[in-house]
Number of protein chains: 2
Amino acid sequence: MANWNGAVASREEIRELKRRAAVRVAARIFNEKGYHATSLDEIADEIGVTKTALYYYFKNKEQLLYECLVLTYDCGQTAQQEAQALDGSAYDKLCLMYRRFIDTLMEERGAYTTTANIKSLPECQQKEMFARRTQLETYIRDLVQDAITEGSVRDVDPRVTASFFLGAVNWILRWHSEEEALPANAVAAHFVDLFVNGIVKRD
Amino acid sequence: MANWNGAVASREEIRELKRRAAVRVAARIFNEKGYHATSLDEIADEIGVTKTALYYYFKNKEQLLYECLVLTYDCGQTAQQEAQALDGSAYDKLCLMYRRFIDTLMEERGAYTTTANIKSLPECQQKEMFARRTQLETYIRDLVQDAITEGSVRDVDPRVTASFFLGAVNWILRWHSEEEALPANAVAAHFVDLFVNGIVKRD
DNA sequence: ACAGTTTTTTACTCCAGCGTCAATAAGATG
DNA sequence: CATCTTATTGACGCTGGAGTAAAAAACTGT
């Protein structure tokens, strides 16, 4: 298998790929059974190695969870950046944000950003995660407020609406991983439709 | 404190009250930190007794979780029964169901009915919980379908919409327990508003 | 094929936390 | 106040699973 060289991965790259694979497996099982209910042996088994091998890549179990959560928040951040880059109304941004958030999340499949999960992290990383969560929520809230001001959205409470927004996003990940009669993007589109119709202003 | 008798609780009643109190405390901490991350010592401490005392009331930790989950599903069931008893359109029933579900849930404060939590139960109780979940989801789905048929709701996908419905309900419990700037019923009303506007048909 | 490096394993240690048991405290009843 | 029942406690056994150290195996380059 040695080296057709050029196209084939270096050591560093292989290491990185293995890390990523491990994180994805971990995220899946954490989501299914919960962080504390999942043993490292279980994750290792699923990958096809021994628990100890994981310690070669990750400092400890918490580190593994941390990277799962980072993956998830990165999806939100990516969606946010795309929305900010869009040259359009607050309403357009909100729609794009929602759609892209769900899209990337379903693609990446990180871990649920539940309070319980975050609280399982060491103090310092907890702070970071809670900060990212607040940041995201604030951005959405402001977007809703702007959309109301510009007259494209009815007079809803921005805080509650932002929460409603995030709730649906969080839920879709949870729900769609279990059953899967519909393709991911169909579900995403439908959620966008339901959310947008809930807030849009009509003449 | 002995007995003004007549109005005061019997032994059985006291026992039942203590059980209920314990379940509520457990539910709260389970929700905060997750089932497996919560030790019985912790729950006992919060109540002001020793871990061993809990074993006088509950067979084991799983039993405690079980009762928390039952509490939650009972809220859904109550809402369903009220909706079924209502003499009105499918649309009216759906609205009532949503509102009452959230209301009772915020009042009772059971445990999150996550897959992870359910999977922490012994086989037999797992089956029961999954069955209740399915039952609830089916009822909502049918209600949505009926509302579409009767022409009061747009042509949405009943399955996805039912999921959207449940996602928001589940989320509200999670979210509102943490922060609480608004009174419970205000949040409930707002969620109903957002959901209903998302599906209602307009001329 | 050999020396050096990276990766994985085998074989442990250690402890948090569930659940038990026997002993004690509190409360009712005659 | 003596006895019987109910409620609670303190002390302990035991196991699952996180984390470690040292050896073995798998590559890499020369």
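First the proteins, then the strands, lettered A, B, ... as listed; each starts at 1.
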Does Y56(A) make a side-chain N or O approach to OP1 or OP2 of dT8(C) shorter than 4.0 Å? no
Calculate the interatomic distance between H36(A) atom NE2 and dG16(D) atom C1'; express it in whole Å. 15 Å
Could you tell me how far apart E12(B) (CD) and dT5(D) (C1') are, to the nearest whole angstrom? 13 Å
Quick check against the 3.5 Å criterion: does T50(A) have a side-chain atom that pairs as donor or acceptor with the backbone of A53(A)? no
Answer with yes or no whether T52(A) presents, from its side chain, a donor or acceptor under 3.5 Å of a partner atom in the base of dT10(C). yes
Atom CD of E16(B) to atom P of dA7(D): distance rounded to whole Å? 12 Å
Does dT8(C) have OP1 or OP2 sitting under 4.0 Å from an N or O in the side chain of Y57(A)? yes
Establish, from distance only, whether the side-chain atoms of Y139(A) and Q84(A) form a donor-acceptor pair under 3.5 Å. no
Starting at atom NZ of K18(A), determine the distance to atom P of dA26(D), rounded to an integer number of angstrom. 12 Å
Can you check the Y35(B) OH to dC18(C) C1' distance for me, whole Å? 10 Å
Taking the inter-plane angle between the rings of Y98(A) and F195(A) on a 0 to 90° scale, is it parallel (under 30°), tilted (30 to 60°) or perpendicular (over 60°)? parallel
May I ask you to say what T50(A) touches in the nucleic acid, namely base, sugar-phosphate or nothing, with a heavy-atom cut-off under 4.0 Å? base
Roughly how many Å is it from OH in Y55(B) to C1' in dC18(C), rounded to a whole number? 5 Å
Looking at K51(B) and dG17(C), is any side-chain donor or acceptor paired with a base atom of the opposite kind under 3.5 Å? no
Rounded to whole Å, how long is the line connecting atom CD1 of I14(A) with atom C1' of dC27(D)? 10 Å
Check for a donor-acceptor pair, side chain of H190(B) on one end and backbone N or O of D157(A) on the other, with a separation under 3.5 Å. yes
Taking only the side-chain heavy atoms of R15(A) (C-beta and beyond), determine which of dT7(C), dT8(D), dG19(D) contains the nearest atom. dT7(C)
What is the distance from CZ of R11(A) to C1' of dT8(C), rounded to the nearest Å? 13 Å
